[in-house]
Trainee: 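Before we start, here is the structure in question, set down as structure tokens.
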2 protein chains.
Amino acid sequence: MRNSEASKERILEAAMAEFSAYGIAGARVDRIAKAAGCNKNLIYIYFESKEKLFTTVLEKNLVRVYQELAFASQDLASYAGRLFDFAIANPDLMRLLAWSNLEQAATSSNERVTSRDAKIAELQKAQETGQIAETFTPDFLLTAIMTLATGWTAANPFGLLHDPQATKHPAALRKDLEKAVRLLTAHTSEDS
Amino acid sequence: MRNSEASKERILEAAMAEFSAYGIAGARVDRIAKAAGCNKNLIYIYFESKEKLFTTVLEKNLVRVYQELAFASQDLASYAGRLFDFAIANPDLMRLLAWSNLEQAATSSNERVTSRDAKIAELQKAQETGQIAETFTPDFLLTAIMTLATGWTAANPFGLLHDPQATKHPAALRKDLEKAVRLLTAHTSEDS
DNA sequence: ACAAACTAACTATCTGGTTAGTTATAACCT
DNA sequence: AGGTTATAACTAACCAGATAGTTAGTTTGT
């Protein structure tokens, strides 16, 4: 047989590039087919519609995040650092996330909500056991850490607000990021 | 005359709503015309093209940010708080910014770059005079503050990562945000 | 009468999705 | 081994609706 799995894979790769560059509305199925070196109809046979192809690409790549990045409430600085590295290493995925957020407002997959709830619970526990300070609510902490760690990607609403060269030498940024997270989670003299 | 200025205004308002909802590629000129209650051709007479209409809408609304939000390197916590309030009060503009960032990668207006450079310079000076700590580079501080302050808007790449109800009672978030900025800029015991 | 403000109808092109058909491969039969 | 067949993999050509942008003309105030 003329390998169908390989074809699917090529389509998914081409779709990733296309969607990350143009979003759902801006993506062109013809362009994806051409880049994948296959007939457009194959896309519809394998993935049903443009929108479903998008969510397939997103889910597939999002799995990697959950697998590669274990949340660690006892060492949030390291988690933030790893998330930062991942974001810098995968700008396409960050763009995909941003597109999804803007274009698929309604769709908030159960998986993501569950994952969020678990993180919040972990943070709460870490605060109760004194591993991290109670300076901030778990809710604030989570969003703060996530946005800080991904603030240097294309997903930043202010775009290239940051020095475009900054991400070429990410080591310094990462150090500062970890320092910042440590500050936000450290016990202070005012603590009871 | 049948007021042309008012028509332009109505078009700009309708365009704001349309672009913020669907982005450039997803926006429909017909829909904008209908919402503005005018003929589609008027849009092309007044604004030349869909893309130019978008940038016009963006620039017009961005001016408000620069006018209403004076950067204050000597009180960054307050600046962050005001930026947060503004972002919460103007979700459409935040979305517009996000779209612009994704869809117009190349276009980075001089105004924005200049404004950034000015802020960096101010931060540097504030550090030299000891107004804020030198714990972080001005570059890191600026991006950190901007992303933190806008992390609870639709512009967040992780979408409704945060509790959807959180932004309904923003006062608590704002307090935490200001506290966080104070932590990041405060002199610590380790300082020389 | 004149020009600015506005409109209805049109067009060329694009685009997601479909149809109808072809080619390669493996299993089966003799 | 050679021929037959079923089917999975793939393709070229097509279509209907949508869409940015245009044209040619009408209304309205002065």
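Everything numeric here is computed off the predicted structure, so don't read it as measured data.
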Trainee: Just how far is it from atom CD1 of A/Ile120 to atom CG of A/Leu141, taken to the nearest 0.5 Å?
Mentor: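 Rounded to the nearest 0.5 Å, the CD1-CG separation comes to 8.5 Å.
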Trainee: Confirm from the modelled atom types if A/Asn39 and D/dA12 form a donor-acceptor pair under 3.5 Å, side chain to base only.
Mentor: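 Counting by modelled atom types and ignoring angles, a donor-acceptor contact under 3.5 Å is found here.
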Trainee: Please work out which residues in residues 9-37 of chain B have a non-hydrogen atom less than 4.0 Å from an atom of DNA chain C and list them by number.
Mentor: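 Those residues whose heavy atoms fall under 4.0 Å from DNA chain C, taken from residues 9-37 of chain B, amount to none.
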Trainee: B/Ile43 CD1 to C/dT7 C1': how many Å, rounded?
Mentor: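 B/Ile43 atom CD1 is separated from C/dT7 atom C1' by 13 Å.
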Trainee: To the closest 0.5 Å, what do you measure between CE (B/Met94) and CD1 (B/Ile88)?
Mentor: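 The distance works out to 9.5 Å.
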Trainee: To the nearest angstrom, how far is A/Glu48 atom CD from C/dG17 atom P?
Mentor: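 In whole Å, C/dG17 P and A/Glu48 CD are 10 Å from each other.
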Trainee: Could you check how far NZ of B/Lys8 sits from C1' of C/dA5, rounded to whole Å?
Mentor: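 B/Lys8 atom NZ is separated from C/dA5 atom C1' by 11 Å.
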Trainee: Within this structure, what is the CD1-to-C1' distance between A/Ile45 and C/dA20, rounded to whole angstrom?
Mentor: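 One finds 12 Å between C1' of C/dA20 and CD1 of A/Ile45, rounded.
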Trainee: Measure from the side chain of B/Tyr46, starting at C-beta and using heavy atoms only, and say which of D/dT11, C/dC6, C/dG16 lies closest.
Mentor: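 Ranking D/dT11, C/dC6, C/dG16 by closest atom to the B/Tyr46 side chain puts C/dC6 first.
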Trainee: Nearest to the A/Ser4 side chain among D/dA9, C/dT7, C/dG17, which nucleotide is it?
Mentor: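 So the nucleotide nearest the side chain must be D/dA9.
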Trainee: Can you check the A/Lys40 NZ to C/dT19 P distance for me, whole Å?
Mentor: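 Rounded to the whole Å, the gap is 13 Å.
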Trainee: Do B/Glu13 side-chain atoms and B/Ala35 backbone N/O form a donor-acceptor pair below 3.5 Å?
Mentor: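 Answer holds: no.
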Trainee: Given atom OH of B/Tyr44 and atom P of D/dT19, what is their separation to the nearest angstrom?
Mentor: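 Distance check: B/Tyr44 OH to D/dT19 P gives 12 Å.
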Trainee: Could you check whether atom NZ of A/Lys34 has more than 12 heavy atoms from other residues, nucleotides or ligands sitting under 6.0 Å from it?
Mentor: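 No, the 6.0 Å shell around NZ holds no more than 12 heavy atoms from other groups.
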Trainee: Using a cut-off of 6.0 Å, state whether more than 12 heavy atoms not belonging to A/Lys60 lie near its atom NZ.
Mentor: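 Enclosed.
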Trainee: Which part of the nucleic acid, if any, lies within reach of B/Phe47 when heavy atoms closer than 4.0 Å are counted: base, sugar-phosphate only, or nothing?
Mentor: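 The answer is nothing, as B/Phe47 stays clear of every strand by at least 4.0 Å.
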Trainee: Sub-3.5 Å donor-acceptor pair from the side chain of B/Thr147 to the main-chain atoms of B/Ala144, do we have one?
Mentor: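 Side chain of B/Thr147 to backbone of B/Ala144: a pair is present.
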Trainee: Using atom CG of A/Asn41 as one end and atom P of D/dC10 as the other, report the distance to the nearest whole Å.
Mentor: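 In whole Å, D/dC10 P lies 12 Å from A/Asn41 CG.
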Trainee: On the nucleotide D/dA20, are OP1 or OP2 found under 4.0 Å from the side-chain N or O atoms that B/Ser49 carries?
Mentor: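 Looking at the OP1 and OP2 atoms of D/dA20, neither is under 4.0 Å from any side-chain N or O of B/Ser49.
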Trainee: For A/Leu53 and C/dG17, what is the distance between atoms CG and P respectively, to the nearest whole Å?
Mentor: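 Atom-to-atom, A/Leu53 to C/dG17, this comes out as 10 Å.
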Trainee: In the structure I gave you, are the side-chain heavy atoms of A/Arg82 and A/Glu178 within less than 4.5 Å of one another anywhere?
Mentor: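 They are not in contact (no side-chain heavy atoms under 4.5 Å apart), so the answer is no.
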Trainee: Check if the side chain of A/Lys50 and the base of C/dG17 share a donor-acceptor pair of N or O atoms closer than 3.5 Å.
Mentor: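 Not at all, since no donor on one side and acceptor on the other fall under 3.5 Å apart.
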Trainee: Counting only side-chain N and O atoms of B/Ser7, is one of them less than 4.0 Å from OP1 or OP2 of C/dC6?
Mentor: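 Yes.
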Trainee: If you check the A/Arg2 side chain, which of D/dA12, C/dA24, D/dT22 turns out closest?
Mentor: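 The nucleotide sitting nearest to the side chain is C/dA24.
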